[in-house]
Student: 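Pasting in a structure now, in structure tokens, and then I'll have a few things to ask.
Note: hydrogens, waters and symmetry copies are ignored here, and every other heavy atom, side chains too, is used. The structure displayed is predicted, hence computed values, not measured ones.
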Amino acid sequence: MDWRRNHLLVISAVQCNYGEDSLEILRKHMVGRHFNTEQLFHLTSRKTCSWAYFNEREYGEALDNYIRESRKLGIREIFYLNTHSILPGTREEHPNWVQLDRNGNEIRAYSVDYLVCVNSRWFDEYAQTIRDLCSHDIDGIFIDGPVMHQAGCFCSACKDKFQERSGAIRDESLRCDR
Ligand SMILES: [Zn+2]
């Protein structure tokens, strides 16, 4: 913790990866430019877009290798984690993770992805991802989200939670899903 309080952080944040080698990005964009910290995004960014997620099986070893190299350069690593949207492929696997409007329509993110609901079972995966990340020698996690739509979410998990907290809705005219 002390390193964050006692030092001015000069943070590099390369927010995309179009197929480049991450160690090359490290050498090309950080070395000799006076950065001492990185918001690490490009290591796990999908090669065709600028979205980044973490999967232990897919990226765990690469993360360890990357941290080893950045340590040699004196650069701290704050891992970027998308916690607000999911890609269409993930939505296909987990349709119940998506936020719904009051009419039951899925709420999109950036017109191409989906806003994920923090009250859904997605949270279990999120918590496991945090546990996985904490098993690596990272210096922090930048959690990009979660985001709730300004009109609220009406997925089954949110409705269940609302009912649980507010008691059963006896007056049918007050039901949001009528
Ligand atoms: Zn919801």
Side-chain angles (χ1 to χ4, degrees), residues 1 4 9 11-19 22 25 37-60 63 77-136 138-178:
M1 184 59 98
R4 277 175 273 180
L9 302 184
I11 302 175
S12 169
V14 176
Q15 295 296 95
C16 58
N17 185 330
Y18 296 102
S22 278
I25 291 174
T37 306
E38 178 179 27
Q39 178 190 273
L40 183 54
F41 180 101
H42 56 84
L43 183 71
T44 57
S45 174
R46 304 293 163 119
K47 301 306 180 196
T48 55
C49 65
S50 53
W51 273 233
Y53 301 91
F54 183 74
N55 175 297
E56 179 65 38
R57 214 168 344 106
E58 193 174 355
Y59 297 113
L63 178 58
E77 295 297 337
I78 298 173
F79 193 87
Y80 170 95
L81 186 61
N82 181 327
T83 55
H84 63 278
S85 68
I86 54 174
L87 299 167
T90 306
R91 181 254 168 233
E92 291 301 315
E93 282 181 54
H94 305 283
N96 293 339
W97 288 3
V98 177
Q99 290 186 39
L100 302 179
D101 67 18
R102 65 183 308 122
N103 298 315
N105 301 309
E106 295 172 324
I107 300 175
R108 306 299 296 259
Y110 314 111
S111 303
V112 292
D113 293 329
Y114 299 86
L115 274 188
V116 71
C117 180
V118 70
N119 289 323
S120 72
R121 298 307 299 260
W122 166 84
F123 187 85
D124 298 338
E125 172 132 332
Y126 163 72
Q128 183 58 49
T129 301
I130 297 292
R131 283 190 288 271
D132 290 342
L133 280 171
C134 288
S135 72
H136 297 274
I138 57 175
D139 297 291
I141 303 173
F142 177 90
I143 298 174
D144 191 2
V147 172
M148 291 301 285
H149 190 268
Q150 61 185 1
C153 176
F154 295 81
C155 77
S156 59
C158 283
K159 289 195 285 192
D160 289 348
K161 195 168 187 175
F162 177 79
Q163 284 204 328
E164 178 187 309
R165 290 189 172 186
S166 63
I169 299 175
R170 295 184 183 87
D171 184 345
E172 282 297 310
S173 69
L174 297 177
R175 291 188 64 91
C176 299
D177 58 348
R178 64 190 161 88

Student: Which residues satisfy the salt bridge (Lys or Arg N to Asp or Glu O under 4.0 Å) test with Arg121, sequence neighbours excluded?
Tutor: Asp124
Student: Under the side-chain hydrogen bond (donor to acceptor under 3.5 Å, both in side chains) test, which residues partner Asn96, sequence neighbours left out?
Tutor: none
Student: Determine whether Val116 and Thr83 satisfy the following criterion, side chain to side chain contact (heavy atoms under 4.5 Å, CB included), listing intermediate values before the conclusion.
Tutor: CA-CA 8 Å; Val116 71; Thr83 55; over 6 Å; no
Student: To the nearest 0.5 Å, how far apart are CG in Asp113 and CZ in Arg108?
Tutor: 7.5 Å
Student: Do you know which two heavy atoms are closest between Phe41 and Val14, and how far apart they sit?
Tutor: CB-O, 3.5 Å
Student: Mind checking side-chain hydrogen bond (donor to acceptor under 3.5 Å, both in side chains) for Thr37 and listing every partner two or more places apart, or none if nothing turns up?
Tutor: none
Student: Could you give the distance from CD1 (Ile86) to OG (Ser120), rounded to the nearest 0.5 Å?
Tutor: 8.0 Å
Student: Tell me the side chain to side chain donor-acceptor pair (under 3.5 Å) pairs involving residues 125-134, sequence neighbours left out?
Tutor: Gln128-Arg131, Gln128-Asp132
Student: Taking all non-hydrogen atoms of both residues into account, name the closest pair between Tyr59 and Tyr53 and its distance.
Tutor: CE1-O, 3.9 Å
Student: Please identify each residue that fulfils salt bridge (Lys or Arg N to Asp or Glu O under 4.0 Å) with Asp139, with sequence neighbours left out.
Tutor: Arg71, Arg76
Student: Ignoring hydrogens, what is the shortest heavy-atom contact between Pro88 and Tyr114? Give both atom names and the distance.
Tutor: CA-CE1, 3.9 Å
Student: How would you list, by chain and number, every residue that makes a side-chain hydrogen bond (donor to acceptor under 3.5 Å, both in side chains) with Arg165, sequence neighbours excluded?
Tutor: none
Student: Which residues pass the side-chain hydrogen bond (donor to acceptor under 3.5 Å, both in side chains) test with Asn105, sequence neighbours left out?
Tutor: Asp101
Student: Calculate, to the nearest 0.5 Å, the distance between atoms CD and CD1 belonging to Gln99 and Ile107 respectively.
Tutor: 5.0 Å
Student: Look up atom CZ in Phe54 and atom OG1 in Thr44, then write down how far apart they are to the nearest 0.5 Å.
Tutor: 8.0 Å
Student: Using 0.5 Å steps for rounding, measure from the CG atom of Leu40 to the CD atom of Glu77.
Tutor: 5.0 Å
Student: Enumerate the salt bridge (Lys or Arg N to Asp or Glu O under 4.0 Å) contacts for residues 88-100, please, sequence neighbours excluded, ordered by first and then second residue.
Tutor: Arg91-Glu106
Student: What heavy-atom pair brings Asn17 and Ser22 nearest, and what distance separates the two atoms?
Tutor: ND2-OG, 3.8 Å
Student: Give the table of side-chain donor-acceptor pairs shorter than 3.5 Å for residues 144-156, with sequence neighbours excluded, one pair per line with atom names and distance.
Tutor:
unit_1: Asp144; atom_1: OD2; unit_2: Tyr80; atom_2: OH; d: 2.5
unit_1: His149; atom_1: ND1; unit_2: Ala151; atom_2: N; d: 3.0

Student: With sequence neighbours excluded, what pairs up with Glu56 under the salt bridge (Lys or Arg N to Asp or Glu O under 4.0 Å) test?
Tutor: none
Student: For a quick test of reading the model, state the closest non-hydrogen atom pair linking Asn119 to Cys158 and the distance between them.
Tutor: ND2-SG, 3.2 Å
Student: Between Leu43 and Leu63, what is the shortest heavy-atom contact and its length?
Tutor: CD2-CA, 3.6 Å
